[in-house]
Amino acid sequence: MVYPGTVQEVQATVRWANKHLIPIYPISMGRNVGYGGTAPRVPGSVVVDLGRRMNRILDIDPENASCLLEPGVSYFALYEEIQRRGIPLWIDTPDVGGGSVLGNAIDRGVGYTPYGDHFANHCGMEIVLPSGELLRTGMGALPGKDGADNPTWQSFQPAYGPYTDGIFSQSNFGIVVRMGMWLMPEVGHQSYLITFPRDDDFSDIVEIIRPLAQQRVLGNIPQLRHVIQELATTARPRSDFYSGTGPMPREVIREHAAGLPVGDVAWVFYGTQYGDPGSISKQLDMIKAAFSRIPGSRFFLPSDLPESHYLHSRVSVCSGVPILRELDWLNWVPNAAHLFFNPIVPTRGWDARIVHDIIVRLHAKYGFDLLPTLCVAGREMHYIVNIVYDRSSVGEKRRAAALMREMIAEAAAEGFGEYRTHILFADMVAGTYNWGDNALMRFNETIKDALDPNGILAPGRNGIWPRRFRGKGWEIRGREVEEALDGKGIGPAS
Ligand SMILES: Cc1cc2nc3c(=O)[nH]c(=O)nc-3n(C[C@H](O)[C@H](O)[C@H](O)COP(=O)(O)OP(=O)(O)OC[C@H]3O[C@@H](n4cnc5c(N)ncnc54)[C@H](O)[C@@H]3O)c2cc1C
C-alpha cells in the first residue's frame with residue numbers, strides 16, 4: 001500500500017510504477033463492498049490508497065450548490081461539514097454512507113434523492129494519467145484568471161470538444177485526484193411505503209411505476225423489495241426464522257412476515273416525494289390512486305410504523321443523511337460476505353418477469369435466499385440482488401460464484417447486462433458487451449494501450465487488460481473463480 005498525501009506524490013508513484021513495471025491499483029476509500037473492496041485484480045499490485053491522506057474538502061460553494069473534493073472525503077465527512085457550516089444543502093448518499101463520495105461516483109454508484117445518479121451529478125475532474133501527466137476535464141481545462149481555478153469548473157459539465165469524463169469512470173485510464181459534485185438545495189420531503197399482497201403483483205407494480213417515473217411524479221429512484229427483506233432488515237439472523245438448508249420456503253417467510261409491522265405481504269415499495277406540503281400531498285394522491293389498481297395494496301407513512309422499522313432509515317437516506325443501517329442484512333448468515341448481481345432491465349412488466357424468473361430459478365438451484373432490491377426508474381431498473389454467504393465456507397463461496405456466473409450468462413442470453421460487478425466477474429460481464437465482434441472492448445483496449453503503454457494502472461479493472469497482460473491467461477471467463485477457491489490462485493501460473 002502507498003498513502004500519497006498530494007497530487008505530486010500520486011504522480012511520483014505512477015512514474016515509479018512505470019520505471020519498474022509494477023502494477024498499481026488506486027482506491028479512494030476502498031469501501032466497495034460486494035464489488036471487490038480494496039482488492040486489486042492482479043496479485044502483487046501496489047494499492048494506492050488515496051483516501052488515507054488526501055481527504056480534504058477543497059471547496060463548498062453555497063451559491064453554485066457544489067463542492068470540490070479529494071478522494072478521501074466520505075459521505076459522513078461531507079455531510080458533517082455542511083451541517084457545521086449551516087449551509088442549506090443536501091448531499092446524496094448510497095445506502096451505506098461510509099464510502100468515498102468520489103470513489104462511489106467513479107464506480108457509477110447510486111443514491112436515493114433526486115441527485116441519486118452520482119456520476120451524472122459530478123462536475124469536473126482532475127486526473128493523474130498513467131504517464132504521470134495531470135489533466136483537468138470540463139471547464140477546468142480553461143485556466144482561470146491569474147492562475148485561479150476556472151470559475152465555471154463546477155458549473156458546466158461538458159465544456160468544449162469530446163466529453164472525456166465518462167472514460168475515467170469504471171475504467172483504468174487515470175487516477176482521479178479531485179472531483180466536483182453538485183449538491184441539492186434542501187427541500188421538504190415525505191417518505192412512504194406501499195405493500196402489495198401477492199408475489200404475482202410484481203409485473204403490475206413495474207407497469208404502474210413506469211409512467212409515474214417518466215412523468216417525474218415519483219420524486220426519487222424508489223426501491224421495490226421482497227418481503228424477505230423486511231425480515232433481513234430487522235438485523236436478526238436467518239436462523240431465528242428458519243433452521244433448514246436451501247432457500248427459506250415461502251410459507252416460512254409468510255409466517256414470520258405476519259408478525260412484522262407491514263404484515264404478510266409479498267412486495268414493499270419505498271418512495272419519497274419532495275416539495276412543499278401542498279405539492280407533496282397532490283403527488284401522493286396521484287401515487288395512491290395509481291397503485292390502488294392493485295387489489296390489497298396498502299399505504300404507510302413513517303408515523304404509522306414503529307421507530308425501529310426500516311422506513312425510518314429510508315427517511316434519512318432519501319433526504320441526504322448518511323447512515324449504516326443497511327449493513328443489518330449482513331447479519332443474515334454467520335461470517336457474512338456478499339456479492340451483488342445488478343442487471344439493467346427495462347421498466348416493463350414482461351421484461352422484468354423474464355429476469356426475475358431467471359434469478360428466482362437459479363437462487364433455488366444454488367440454495368440461496370433471494371434478497372432483491374430493485375431501484376426502479378422510468379425507463380430501466382437496476383435489479384440488485386444481494387447474495388449473502390458465509391465467507392468461512394469454501395462450499396458456499398463456490399456456490400455463490402457459480403450462481404453469479406450462471407446469472408450473468410442467462411441474463412445476457414436474454415439481452416440483459418450488469419451495470420457494475422465484482423472484480424472477479426469483470427471479464428465475464430465485459431465479455432457480454434460484445435456487439436460487433438467485441439467492438440467496444442477493442443475501442444477500450446486502443447485507449448488503454450495509448451494512455452498506459454506499460455500497462456501499470458489497474459490491469460484487468462472492468463475487464464480492460466493492457467497489451468502486456470492481454471491474452472496471457474489473466475482473464476477469468478469460466479470456472480477459474482471457483483478453482484481459485486481451491487487455493488490455485490488467479491493468474492497465468494494457476
Ligand atoms: C449493505 C450495502 C449497501 C450498499 N448500498 C449501495 C448503494 O446504495 N449504492 C451504491 O452505489 N453502492 C452501495 N454499496 C456498495 C459500496 O459500499 C458503495 O458503492 C461504496 O460507496 C463504494 O466504496 P467507496 O466509495 O469507498 O469507493 P472505492 O472503493 O474507493 O472505489 C471504488 C472503485 O473505483 C475505483 N476508484 C476509486 N477511486 C478512484 C480514483 N480516485 N481514481 C481511479 N479509480 C478509482 C477503484 O477501482 C475502486 O475499487 C453498498 C454496499 C453494502 C455492503
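For the pair L183 and L78, the minimum side-chain heavy-atom distance is below 4.5 Å. Under the 4.5 Å side-chain criterion, counting only non-hydrogen atoms from C-beta, Q214 is not in contact with T347. For the pair M441 and I464, the minimum side-chain heavy-atom distance is below 4.5 Å.
Taking the centre of each ring, W182 and Y115 stay at or above the 6.0 Å mark. Not less than 6.0 angstrom separates the ring centroid of F291 from the ring centroid of F299. Remark: aromatic rings of H338 and W332 are distant, center separation not under 6.0 Å.
For R108 and Y419, the positive end is not near the middle of the six-membered ring at less than 6.0 Å and at most 45° from its axis. Cation-pi geometry between R314 and Y112 is satisfied (NZ or CZ under 6.0 Å from the ring centre, within 45° of the ring normal).
Between D204 and R198 there is no salt bridge, since none of the side-chain N atoms of the basic residue sits less than 4.0 Å from a carboxylate O of the acidic one. The pair D201-R293 fails the salt-bridge criterion, with no side-chain N (NZ, NE, NH1 or NH2) lying under 4.0 Å from an Asp/Glu carboxylate O. The pair D264-R254 meets the salt-bridge criterion, since a charged nitrogen lies less than 4.0 angstrom from a carboxylate oxygen. The pair R353-D357 meets the salt-bridge criterion, with a side-chain N (NZ, NE, NH1 or NH2) lying under 4.0 Å from an Asp/Glu carboxylate O.
Pairing each heavy atom of G111 with each of H118, the nearest pair is N-NE2, 3.4 Å. The two atoms that bring M248 and D369 nearest to each other are N-OD1, 2.5 Å, heavy atoms only.
Using cut-offs of 30° and 60° for the angle between ring planes, the F269 and Y192 rings count as tilted. Taking the six-membered ring for Trp and thresholds of 30 and 60 degrees, F469 and W465 have ring planes inclined between 30 and 60 degrees apart.
Checked by atom type and distance alone, the side chain of D452 never pairs as donor or acceptor with a backbone atom of K448 at under 3.5 Å. The main-chain N or O of P306 is found under 3.5 Å from a side-chain atom of H312 such that the two form a donor-acceptor pair.
Within 6.0 Å of atom CZ in R470, more than 12 heavy atoms from other residues, nucleotides or ligands are found, so the atom counts as buried in its surroundings.
For the salt bridge (Lys or Arg N to Asp or Glu O under 4.0 Å) test with R405, the passing option among E410, E482, E480 is E482; the others fail.
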